[in-house]
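Beneath this line is the structure, given in structure tokens, with notes to follow.
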Protein chains: 2
Amino acid sequence: MLESDGENGTVRIPEATVLRLPVYQRILQTFASAGRRTISSADLGRLSGENAASVRRDLSRLGTLGTRGTGYDVKMLSRQIDRVFAADSPQGVILVGAGNLGRALIHSESFFGHGSVLVGVFDADPKVIGTQISGHTVQSEDELEQTVAEHDVHLAVLTVPPSSAQRVAERLVAVGVHRLLNFAPARLHVGGHVTIRYVDLSIELQALGFYAREGEGRAGGPSVGTAGILTTPSVLSEMGTRRSSSAR
Amino acid sequence: MLESDGENGTVRIPEATVLRLPVYQRILQTFASAGRRTISSADLGRLSGENAASVRRDLSRLGTLGTRGTGYDVKMLSRQIDRVFAADSPQGVILVGAGNLGRALIHSESFFGHGSVLVGVFDADPKVIGTQISGHTVQSEDELEQTVAEHDVHLAVLTVPPSSAQRVAERLVAVGVHRLLNFAPARLHVGGHVTIRYVDLSIELQALGFYAREGEGRAGGPSVGTAGILTTPSVLSEMGTRRSSSAR
DNA sequence: TAGATTGTTAATCGATTAACAATC
DNA sequence: TAGATTGTTAATCGATTAACAATC
């Protein structure tokens, strides 16, 4: 039974769950390649570092997918998570800023491809414009408008220097791009209903350094999936060798 | 008055606050270079995308730093945040995995330097070992132990491929490194009391894509600082030009 | 004194998780 | 039937924020 309290009757999935689903997805893929048919919430929890109850609660948002006494069908669950992220009808994404980080993301095998396709790479530096990065020709920012319109782009990844971030963001918003993943260490202030997601790598390091000094080992659970702190109190038995599940 | 409920009488700063302090810090530095002496929680809130009450609550964790009716002294507050992250006595950090992402972080001006110093770069590829990256000679993993001991390293950044992440993590833990910032899209399972922070860039993009499709614009506040989703409903007046503060 | 702004309280909201009935 | 495991409830915990007394 699908939960449906969204305004339009759609499923409402909490942020924390959205950030964990891809983690489960990767575990499912490992299980699938290992030929495993089913997986329990206990196993998913162990391997993802989450509480088994959290896993079940997360998955129950997608519908009634499990079978009591048996667990979840690996392939079916994987397909359901793909469906949530619309992995079959990927959206066009552009990346602005072909510096070191931008290049790293473009080259990365895992960054794009889970519901997104890179359809354009832009940079302001004339020396970089026209060069190829992983099959993408770096374009001038003057071509932003055209590419955005052509591919109906709504999402942009910002890997520009912090000093240009605000200017570029404004330009993107003006062109109709209203979802930004901003890697520049700068807060963006743009009008309209624009959703901005900030990823600030130096803050992650600072936070870890803070807890190092506190000497606390602060677990507190893996807070918001992605960037959670997780203290592992014991060696976790790896799947694969395990028979059915209930290992300690 | 310092809050002190930590076991040993030290200040207990919540995770969410730790992730926002560096954001405030950057705003303070901008204010300082602009010659501004004080800043209000309202301004800090506007510029960081947080609620003013949240800002005050965050800052109150560090002590009683503000002056009623006036605001916070920019330089003093900046120093206090530096103190929290021990920016004056930086800790040695090593980076393992000199691929695209690793290089991007090493080259980044903002990644290291806020309480951390890069003291070693490692890679498994013989073609990369011995080369220089931003003044650091890439070392073989065989030299891990020596460097860790020499610089008393407790923190490592993992930018290895996901397939090597587990192996490298085990090796680091064995050598006594018990804080890991893991960029590999893989959950790590290690024994002992190791604090692991996960940064999974593809998940950030997937999450943004999810909300794009939901069409919800889902604000919900910038959840966990760093990686929060922030929907900007209106153009925010930028500081600098503003006189004292109370705009809006 | 009047205006501004902090620090803190209390209400609210959202996320986590133990517990257990339902059920394969 | 007995064992396993889900889906969901209810308790708990932590984070956000409106409101306001304190005070510069």
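Proteins come first, then strands; the chains are lettered A, B, ... in the order of their sequence lines, and each starts at number 1. Only this structure's heavy atoms are used, side chains among them; waters, hydrogens and symmetry mates stay out.
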Would you call Val96(A) and Val157(A) a side-chain contact if the rule is heavy atoms closer than 4.5 Å?
no
Can you check the Leu19(B) CG to dG14(D) P distance for me, whole Å?
16 Å
Heavy-atom nearest nucleotide on DNA chain D for Leu65(A) versus Asn51(B): which residue maps closer to 5'?
Leu65(A)
Distance check needed: dG14(D) C1' versus Arg12(B) CZ, whole Å only.
9 Å
Can you check whether Arg20(B) has a side-chain N or O nearer than 4.0 Å to OP1 or OP2 of dT16(D)?
yes
Looking at dA4(D), I'd like to know if its phosphate oxygens (OP1 or OP2) sit under 4.0 Å from a side-chain N or O belonging to Tyr72(A).
no
Validation row: Leu47(B), Val23(B) side chains within 4.5 angstrom (heavy atoms):
no
Any side-chain heavy atom of Arg26(B) within less than 4.5 Å of one from Pro162(A)?
no
Contact class for Leu59(B) (heavy atom, under 4.0 Å): base, sugar-phosphate, or nothing?
nothing
Rounded interatomic separation in angstrom, taking CG from Asp58(A) and C1' from dA15(C)
10 Å
Test item: Leu201(A) and Leu105(B) side chains (from C-beta on) under 4.5 Å apart, heavy atoms:
yes
Between atom CZ in Arg61(B) and atom P in dG7(C), what is the gap in whole Å?
13 Å
Would you mind reading off the distance between Asp43(B) atom CG and dT5(C) atom C1', rounded to a whole angstrom?
11 Å
Just call it for Thr17(A): base, sugar-phosphate, or nothing, with non-hydrogen atoms closer than 4.0 Å on any strand.
nothing
All stems that DNA chain D takes part in, i.e. 3 or more consecutive Watson-Crick or G-U pairs with distances under 3.5 Å, are C:3-24 with D:3-24
Is the phosphate of dT17(C) approached by Ser54(A) (side-chain N or O, under 4.0 Å from OP1 or OP2)?
yes
Ser60(A) side-chain proximity, nearest of dT6(D), dT6(C), dG7(D)
dG7(D)
What nucleotide among dT5(D), dT16(D), dT16(C) has an atom nearest to a side-chain atom of Arg57(A)?
dT16(C)
How about Tyr24(A) and Leu59(A): do any of their side-chain heavy atoms sit closer than 4.5 Å?
yes
Below 4.5 Å, heavy atoms only, C-beta onward: do Arg36(A) and Asp43(A) meet side chain to side chain?
yes
Could you give the OH-to-P distance, from Tyr24(A) to dT6(D), as a whole number of Å?
12 Å
Hey, would you say the His154(A) and His178(A) ring centroids sit under 6.0 Å apart?
yes
Nearest-Å distance for atom pair CG/P, residues Leu77(A) and dT6(D):
11 Å
Ignoring hydrogens and angles, tell me if any N or O in the side chain of Gln206(B) forms a donor-acceptor pair with the backbone of Gly115(A) under 3.5 Å.
no
Protein-to-nucleotide contact annotation, 5' to 3' order, nucleotides 19-24 of chain D [B base; S sugar-phosphate only; - none; under 4.0 Å, heavy atom]
B--BBB
Please state how far atom CD in Glu15(B) lies from atom P in dC13(D), giving the value in whole angstrom units.
18 Å
Is there side-chain contact between Leu180(A) and Leu155(A), with at least one heavy-atom pair below 4.5 Å?
no
Quick one: side-chain hydrogen bond (donor to acceptor under 3.5 Å, both in side chains) partners of Arg57(B), sequence neighbours excluded?
none
